[in-house]
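Here, residue 1 is the first one in the sequence, and each next residue gets the next number. Every number for a ligand or one of its atoms is a count from 1 in the order of the listing. No experiment lies behind these values; they were computed from the predicted model shown.
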Amino acid sequence: MTQTIYILNGPNLNLLGKRQPEIYGRETLADVERLCREVLADGTDLRMMQSNWEGQIVDWIHEAREAAAGIVINPGALTHTSVAVLDALNAFERPVIEVHISNVHKRESFRHHSYVSLRADGVIAGLGIEGYVAAVRRLCTLLG
Ligand code: CA2
């Protein structure tokens, strides 16, 4: 049976590769999906999703309870604000890896706190889009 990894992206990440390349690089979410597919283990698939709406991210996490073997999440700015995303992740019983393209600890102090890190099994920041690839590799290892 195929195990599916959900890759969830929060607000403004649809602009990846289109604005602020000095912070977020030149690759798009489509590039991220292509690179992540290259490292998928046999019997594993992924779904790449992005929304600017907090409730949509929460709904996808709920859906993942039945449909996903693990979650990679870049919550965008919801990282620093959303107890709702944290609560939804706390109801998800499989591995969660939090990814940030930029090194949030080198940026403004409001980016230093993450609600999602209270739940995440791993946290990656500052590796650019390679962070997503590392997260997918890690989930494939954990899923065995
Ligand atoms: O470094 C990351 O991946 C962030 O999660 C990105 C969020 C930011 O609020 C977090 O503090 C760190 C912002 C996503 C906005 O993405 C854009 C991409 C390209 C152009 C403009 C925005």
Return yes when atom [atom1] of [X] has more than 12 non-hydrogen atoms of other residues, nucleotides or ligands closer than 6.0 Å, and no otherwise.
X	atom1	result
Arg65	CZ	no
Glu108	CD	yes
Glu130	CD	no

Does the ring of Tyr6 carry Arg47 above it, NZ/CZ under 6.0 angstrom from centre and within 45° of its axis? yes
Would you please write out the protein residues whose heavy atoms approach any atom of ligand 1 to under 4.0 angstrom, listed by chain and number? Pro11, Asn12, Leu13, Leu15, Leu16, Arg19, Gln20, Tyr24, Asn74, Gly76, Ala77, His80, His100, Ile101, Ser102, Val104, Arg111
Suppose we screen for ring-ring contact (aromatic ring centres under 6.0 Å, His included). Which residues come up paired with His62, at least two apart in sequence or across chains? none
Kindly assign one of parallel, tilted or perpendicular to the pair His100 and His80, based on the angle between their ring planes and the thresholds 30° and 60°. parallel
